[in-house]
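The residues of the chain are indexed from 1 along the displayed sequence.
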Amino acid sequence: MNRQPNRMSRGLPILVGTVSPKMIVAAVLLTLMAALWLRVSALKNDTTEKTIHLQPVSLPVIAGRHDRLQGNPFVMDRSRWIRPDGATDLQPSGKSGADGLVQKDQANLQRISQRLVLQAVVRDPDGVPIKACVNGTVLFKGSTFIAKENGEQYDLSVKEINATEVRLSWQVYDLTIKMPSSEWLD
């Protein structure tokens, strides 16, 4: 007498064997999510709203320190923060340090202006110059061009673009880069 057991006698193992593992994971995650939502809603009922009151506080103002700008915050003066290699606190007796820095900057900017070449000017449909190509870099009014000379970095900003020239500026200095003539290109 060989009897085959019917499905009811096997019970739970048949039910678990036919359920996919994805369904088990989904059921566990839904149960966990429901428990967390119940916990959040229970905490929300227990807490009372706290009101926050902000009070303005007057800050002290020191005359001569907080009522005027010490310098232009938009102009980076590297000499105030970084000294060139080998520099000392002693100044040469013939000229002041500021005059030496001014002359050094003027000489560096002069060499930069000789090195820069205006290669092209791009115009809008109305014929107004809007972009310029200087040494392979496309510039527009307000953009900056970084030039290095003698270990110093100069962030030159574009002030004006014309049909044959571009005006750049750094701090109080202006540089004008002109389109080379056709004789120079031949």
Side-chain angles (χ1 to χ4, degrees), residues 33 40 49-186:
M33 186 174 69
V40 167
E49 284 190 32
K50 295 180 181 179
T51 57
I52 298 174
H53 298 286
L54 299 177
Q55 298 290 331
V57 177
S58 297
L59 297 175
V61 176
I62 300 172
R65 181 173 178 185
H66 297 112
D67 57 351
R68 62 188 159 108
L69 290 175
Q70 184 172 356
N72 187 348
F74 300 106
V75 176
M76 176 66 175
D77 183 12
R78 292 175 52 110
S79 64
R80 290 180 54 195
W81 308 104
I82 302 171
R83 289 190 195 152
D85 294 338
T88 62
D89 289 337
L90 300 174
Q91 300 294 331
S93 59
K95 57 184 172 181
S96 70
D99 290 340
L101 288 175
V102 168
Q103 290 177 354
K104 179 181 174 185
D105 287 335
Q106 286 176 343
N108 286 343
L109 290 171
Q110 181 67 31
R111 284 191 287 273
I112 289 171
S113 68
Q114 292 172 355
R115 190 176 68 225
L116 296 179
V117 176
L118 176 61
Q119 297 167 327
V121 175
V122 178
R123 298 177 186 200
D124 67 358
D126 297 329
V128 178
I130 56 170
K131 293 182 183 179
C133 182
V134 176
N135 283 16
T137 304
V138 177
L139 304 171
F140 53 91
K141 187 175 180 182
S143 65
T144 58
F145 179 80
I146 298 173
K148 295 180 181 180
E149 185 67 35
N150 289 335
E152 295 289 326
Q153 179 174 319
Y154 297 93
D155 296 336
L156 305 170
S157 63
V158 178
K159 292 296 178 185
E160 186 178 352
I161 299 175
N162 293 327
T164 59
E165 65 184 28
V166 175
R167 201 174 96 220
L168 306 170
S169 69
W170 178 77
Q171 292 184 356
V172 297
Y173 302 104
D174 285 340
L175 303 171
T176 302
I177 311 300
K178 295 187 177 187
M179 184 78 72
S181 66
S182 61
E183 298 168 357
W184 183 80
L185 295 174
D186 291 335

Subject >> ring-ring contact (aromatic ring centres under 6.0 Å, His included) involving F145 - partner list, sequence neighbours excluded >> reply: none
Subject >> Steps toward side-chain contact (heavy atoms from CB on, under 4.5 Å) verdict (K159, S157) >> reply: CA-CA 6 Å; K159 292 296 178 185; S157 63; 3.6 Å; yes
Subject >> Contact summary for I161 and L139, nearest pair of heavy atoms >> reply: CD1-O, 3.9 Å
Original post:
What distance do E160 atom CD and D174 atom CG have between them, rounded to the nearest 0.5 Å?
Top reply: 10.0 Å
Original post:
Of T144, L109, L175, which meets side chain to side chain contact (heavy atoms under 4.5 Å, CB included) against W170?
Top reply: L109
**OP:** Kindly compute the distance separating NZ (K178) from CG (L116), expressed to the nearest 0.5 Å.
**Re:** 14.5 Å
Original post:
What do the steps show when you test T176 against V166 for side-chain contact (heavy atoms from CB on, under 4.5 Å), and what is the final call?
Top reply: CA-CA 6 Å; T176 302; V166 175; over 6 Å; no
Original post:
Rounded to the nearest 0.5 Å, what separation is found between the CZ atom of R167 and the OG atom of S169?
Top reply: 7.0 Å
**OP:** Work out which heavy atom in A147 is nearest to a heavy atom in L156; give both atom names and the distance.
**Re:** CB-CD1, 4.1 Å
Original post:
Without hydrogens or angle criteria, can the side chains of Y173 and D105 be said to hold a donor-acceptor pair below 3.5 Å?
Top reply: no
**OP:** Would you give the length of the straight line joining atom CG of L118 to atom CE of M179, rounded to the nearest 0.5 angstrom?
**Re:** 4.0 Å
Donor-acceptor contacts under 3.5 Å from residues 127-138 side chains, at least two apart:
residue	atom	partner	partner atom	Å
N135	OD1	V117	N	2.7

**OP:** Enumerate the residue pairs fulfilling salt bridge (charged side-chain N to carboxylate O under 4.0 Å, His left out) with a member in residues 115-125, sequence neighbours excluded, ordered by first and then second residue.
**Re:** R115-E149
Original post:
How many angstroms lie between CG in N150 and CD1 in I112, if you round to the nearest 0.5 Å?
Top reply: 9.0 Å
